[in-house]
K.L.:
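Mind looking over this structure? Questions follow.
Because the structure is predicted, anything quoted here is derived from the model rather than measured.
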Amino acid sequence: MPEPAHVPEPESAPASGPVPASGPTPASGPTPASGPTPASGPTPASGPTPASGPTSASGPTPGSKSAPDPAPQPTPGPQPQPAPESAKKRRRPWVRRVRRAVLVLALVLIVPLVAVETALRVNYMGDPADGTYTRDRDAMWLGHAWVDGRKKDADVTALAGRLKDTGVRDLYVHTGPLEHDGTLPRSVYPRARWFIDAVHRELPGVRVQAFLGDVLANGGPEGLELSDAATRAEVVRSAGQVLDTGYEGVHLDLEPLHSGDGHYLDLLDDLRKLTKGRDAQLSVAAHQIDPLPHLHSVAGFVADHPKWWSQEFFGQVARRVDQIAVMSYDTARLFESTYGGYVAQQTSLALEVTPPTTHLLMGLPFYYESNPSHWGHAETVGAAVRGARLGLSRTDPDRELFGLAPYIDFAATETNWREFKDGWVR
């Protein structure tokens, strides 16, 4: 967080205004009985009266010593003149235009924002239905350290202790990233077989899936190009490679993935043929669903990384996989109540289009950040859990293939674990 800018001390103000430079003013002096008064023109600041000028009938003459010259009086400066009426009239239309522009901006941006935040706050109200707790079908994303040699047997034992009393049954362990051509070097996961065996020993019944991801070329100048058939074929080959290692599933996370990408659907069809033939799971990390109709189109117009998918596209993806996990964090919500209401909305939208044969998971933020896309004080695990339960209660409270998925193990805090267990694990 940037440090506050230094504010300098104000300089001291002068004690009084300027003092005239002329000499003392006499206590009194003779007043001329008569004499012409000039109609206009400046009065000399000092000095003797010219001898050629008119003199009064009585009073001192320039050579007289009977009384000192009267002190010169300061000449008043020009007085500010009021602006002409025509200038005032010229300014008024400009002021009115600015005021109208501010009003329009408030109506276009601020009013809808307040309406959305209010709706999400209302969506967070109420109580979840009884029985909307873990179905023992939860999952968790794990970091790369589990397969690159940094973790040891003691670490697996500690992880097993964390998960033993929860409903986590799938682990998505980061095994990539994929190269931009879709290939996966075996050198990036040298300890994968060790980890798989250790999990089976410490946590019987828990599956280990290879979490493979990459940046897509549509999000920048470089990345994996889904429109290239050869690249998609290499991704499928890499999936077969990790299944040969002993993984029980492939978990795909490609970002930023635009809504309606037909090449992505083609890739999922090819992967599904592979995983079904190997009796393995195919799971994906999914973008959030439009909270307002066609919002993904608006976001795509102003940014290269649209945050949302259409609900229709989400359903198309869900029908092609065994598990779909919504990345329901990094929502830019400012308050815990509105974040929870947003998760409730996302849960309902996803349930409406996910077939009952596909396992739906809602992501939990097991990390803390504070930035414009993720305010840590608002995006709490407790709010996400309650929001998911509310969405489940309102849409499909008896659904069995439903769970929560914490992201990610290495950033989790004790508070994250406590809120997860207290709110979901019963």
K.L.:
Less than 4.5 Å apart, any side-chain heavy atom of Ile324 and any of Phe314?
P.N.:
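A side-chain contact exists here, since the closest heavy-atom pair is under 4.5 Å.
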
K.L.:
Might you point out which heavy atoms bring Gly382 and Glu419 nearest each other, and give the distance in Å?
P.N.:
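Heavy atoms of Gly382 and Glu419 come nearest at N-OE1, 2.8 Å.
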
K.L.:
Any side-chain heavy-atom pair from Tyr172 and Gln323 closer than 4.5 angstrom?
P.N.:
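Yes, close enough: below the 4.5 Å cut-off.
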
K.L.:
Run Glu179 and Glu234 through side-chain contact (heavy atoms from CB on, under 4.5 Å) and show every step you take.
P.N.:
CA-CA 10 Å; Glu179 297 294 315; Glu234 287 295 343; over 6 Å; no

K.L.:
Can you tell me if Ser238 uses its side chain to pair, donor with acceptor, with the backbone of Gly182 under 3.5 Å?
P.N.:
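Here the side-chain-to-backbone pair exists.
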
K.L.:
Counting N and O atoms only, with roles assigned by atom type, does the side chain of Asp170 sit under 3.5 Å from a partner on the main chain of Ala139, one being a donor and the other an acceptor?
P.N.:
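Answer holds: no.
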
K.L.:
Distance from Asp422 atom CG to Trp417 atom CH2, nearest 0.5 Å?
P.N.:
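It comes to 13.0 Å.
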
K.L.:
Does the side-chain contact (heavy atoms from CB on, under 4.5 Å) test come out yes or no for Val156 and Trp194, once each step is laid out?
P.N.:
CA-CA 10 Å; Val156 178; Trp194 163 82; 3.6 Å; yes

K.L.:
How about Val236 and Leu267: do any of their side-chain heavy atoms sit closer than 4.5 Å?
P.N.:
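A side-chain contact under 4.5 Å exists here.
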
K.L.:
Quick check on Phe335: does its CZ atom have over 12 non-hydrogen neighbours (other residues, nucleotides or ligands) under 6.0 Å away?
P.N.:
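Not buried by this count: 12 neighbours or fewer within 6.0 Å.
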
K.L.:
Is the shortest side-chain heavy-atom distance between Leu203 and Val168 below 4.5 Å?
P.N.:
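Result no, sub-4.5 Å side-chain heavy-atom pair not found.
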
K.L.:
What's the shortest heavy-atom distance between Tyr124 and Gly341, and which atoms?
P.N.:
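Nearest heavy atoms, Tyr124 then Gly341: CD1-N, 3.5 Å.
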
K.L.:
Do side-chain atoms of Arg389 reach the backbone of Thr132 as a donor and acceptor pair under 3.5 angstrom?
P.N.:
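Yes; at least one donor-acceptor contact below 3.5 Å.
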
K.L.:
If only atom types and distance count, is the side chain of Arg232 paired as donor or acceptor with the main-chain N or O of Leu226 below 3.5 Å?
P.N.:
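Present.
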
K.L.:
Is it true that Asp322 and Arg272 have a side-chain N and a carboxylate O under 4.0 angstrom from each other?
P.N.:
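Yes, Asp322 and Arg272 are salt-bridged.
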
K.L.:
Charged N to carboxylate O below 4.0 Å: is that the case for Arg193 and Asp197?
P.N.:
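Counted as a salt bridge, because a side-chain N and a carboxylate O are separated by less than 4.0 Å.
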
K.L.:
So which atom in Leu184 and which in Pro177 form the shortest heavy-atom distance, rounded to 0.1 Å?
P.N.:
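Closest approach of Leu184 to Pro177: CD1-O, 3.7 Å.
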
K.L.:
Identify which one of Val208, Leu163, Leu142 satisfies the side-chain contact (heavy atoms from CB on, under 4.5 Å) criterion when paired with Val199.
P.N.:
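Passing option: Val208.
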
K.L.:
Among Leu390, Val425, Leu364, find the one that has a side-chain contact (heavy atoms from CB on, under 4.5 Å) with Val385.
P.N.:
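It is Leu364, the one option of Leu390, Val425, Leu364 that forms the side-chain contact (heavy atoms from CB on, under 4.5 Å) with Val385.
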
K.L.:
Can you tell me if Arg426 has over 12 outside heavy atoms packed within less than 6.0 Å of its CZ?
P.N.:
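More than 12 heavy atoms, drawn from other residues, nucleotides or ligands, come within 6.0 Å of this atom.
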
K.L.:
Assess, by modelled atom type and distance only, whether the side chains of Thr231 and Glu225 contain a donor and an acceptor separated by less than 3.5 Å.
P.N.:
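The answer is no; no qualifying pair exists.
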
K.L.:
Determine, using ring centers only, whether His374 and Tyr367 are less than 6.0 Å apart.
P.N.:
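Judged by ring-centre distance (under 6.0 Å), Tyr367 and His374 do meet the cut-off.
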
K.L.:
Hey, could you give me the CG/NE2 distance between Leu171 and His251, rounded to the nearest 0.5 Å?
P.N.:
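Taking CG in Leu171 and NE2 in His251, the distance rounds to 11.5 Å.
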
K.L.:
Quick one: does Asp148's side chain have a donor or acceptor within less than 3.5 Å of a partner on Arg150's backbone?
P.N.:
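Indeed, once roles are kept as given, a pair shorter than 3.5 Å links the two residues.
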
K.L.:
With a sphere of 6.0 Å drawn around CG of Asn371, does it hold more than 12 non-hydrogen atoms of other residues, nucleotides or ligands?
P.N.:
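Yes, the 6.0 Å shell around CG holds more than 12 heavy atoms from other groups.
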
K.L.:
Which heavy atom of Val188 sits nearest a heavy atom of Pro185, and at what distance?
P.N.:
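Taking Val188 first and Pro185 second, the nearest heavy atoms are CG2-O, 3.0 Å.
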
K.L.:
Is any side-chain heavy atom of Val343 closer than 4.5 Å to one of Arg333?
P.N.:
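With C-beta onward as the side chain, the pair stays apart.
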
K.L.:
Nearest 0.5 Å, please: how far is CG in Leu349 from CD in Gln288?
P.N.:
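Going from CD on Gln288 over to CG on Leu349, the span is 11.0 Å.
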
K.L.:
Okay, side chain of Ser328, backbone of Gly363: is any donor-acceptor separation there less than 3.5 Å?
P.N.:
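Pair found, side chain donor or acceptor close to backbone of Gly363.
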
K.L.:
Would you check if the side chain of Gln311 reaches a backbone N or O of Ile289 as a donor-acceptor pair within less than 3.5 Å?
P.N.:
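Checked: no pair found.
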
K.L.:
Assign the ring pair Trp309 / Phe313 to parallel, tilted or perpendicular, where the plane angle (0 to 90°) is split at 30° and 60°.
P.N.:
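Trp309 and Phe313: perpendicular rings.
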
K.L.:
How long is the straight-line distance from CG of Leu401 back to CG of Asp396, given to the nearest 0.5 Å?
P.N.:
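That separation rounds to 10.0 Å.
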
K.L.:
Test Glu248 against every option in Gln209, Gln281, His200, Arg207 by the side-chain hydrogen bond (donor to acceptor under 3.5 Å, both in side chains) rule and name the one that passes.
P.N.:
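Result for side-chain hydrogen bond (donor to acceptor under 3.5 Å, both in side chains) with Glu248: His200.
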
K.L.:
Rounded to the nearest 0.5 Å, what separation is found between the NE2 atom of His174 and the CD1 atom of Ile408?
P.N.:
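The distance works out to 8.0 Å.
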
K.L.:
Spell out, as yes or no, whether a donor-acceptor pair under 3.5 Å connects the side chain of Arg135 to the backbone of Tyr133.
P.N.:
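Such a contact is found between Arg135 side chain and Tyr133 backbone.
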
K.L.:
Between Asp409 and Trp146, do the side chains contain a donor N or O and an acceptor N or O under 3.5 Å apart?
P.N.:
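Per modelled atom types, Trp146 and Asp409 side chains form a pair under 3.5 Å.
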
K.L.:
Looking at Thr395 and Leu351, would you say the former's side chain and the latter's main chain have a donor-acceptor pair under 3.5 Å?
P.N.:
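Side chain of Thr395 to backbone of Leu351, a donor-acceptor pair under 3.5 Å: no, none is there.
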
K.L.:
Around Glu369, counting heavy atoms of other residues, nucleotides and ligands shown, do more than 12 lie under 6.0 Å from its CD?
P.N.:
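Enclosed: over 12 neighbouring heavy atoms sit under 6.0 Å from CD of Glu369.
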
K.L.:
For Ala383 and Glu336, work out which heavy atoms get closest and say how close.
P.N.:
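Looking at all heavy atoms of both residues, the shortest contact is CB-CG, 3.5 Å.
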
K.L.:
Determine yes or no for a side-chain-to-main-chain donor-acceptor pair under 3.5 angstrom, with Ser393 supplying the side chain and Pro128 the backbone.
P.N.:
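Side chain of Ser393 to backbone of Pro128, a donor-acceptor pair under 3.5 Å: no, none is there.
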
K.L.:
Looking at Arg278 and Asp244, is any side-chain nitrogen of the basic one under 4.0 Å from a carboxylate oxygen of the acidic one?
P.N.:
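Salt bridge present between Asp244 and Arg278.
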
K.L.:
Between atom OG1 of Thr354 and atom CZ of Phe402, what is the distance when rounded to the nearest 0.5 Å?
P.N.:
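Atom-to-atom, Thr354:OG1 and Phe402:CZ are 9.5 Å apart.
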
K.L.:
Between Thr175 and Tyr247, do the side chains contain an N or O donor and an N or O acceptor separated by less than 3.5 Å?
P.N.:
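There is such a pair (donor and acceptor under 3.5 Å, judged by atom type) between the side chains of Thr175 and Tyr247.
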
K.L.:
Just checking Tyr407: does its OH atom have more than 12 heavy atoms from other residues, nucleotides or ligands closer to it than 6.0 angstrom?
P.N.:
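No, OH of Tyr407 has 12 or fewer neighbouring heavy atoms, counting only those of other groups under 6.0 Å.
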
K.L.:
Does the side chain of Met327 reach to within under 4.5 Å of the side chain of Asp253, using non-hydrogen atoms?
P.N.:
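Side-chain contact under 4.5 Å: yes.
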
K.L.:
Looking at Arg162 and Glu414, does any basic side-chain N land under 4.0 Å from a carboxylate oxygen?
P.N.:
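Yes, charged N to carboxylate O under 4.0 Å.
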
K.L.:
Measure across Asp214 and His180 and return the closest heavy-atom pair with its distance rounded to 0.1 Å.
P.N.:
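Nearest pair, atom of Asp214 first, then His180: OD2-ND1, 2.9 Å.
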
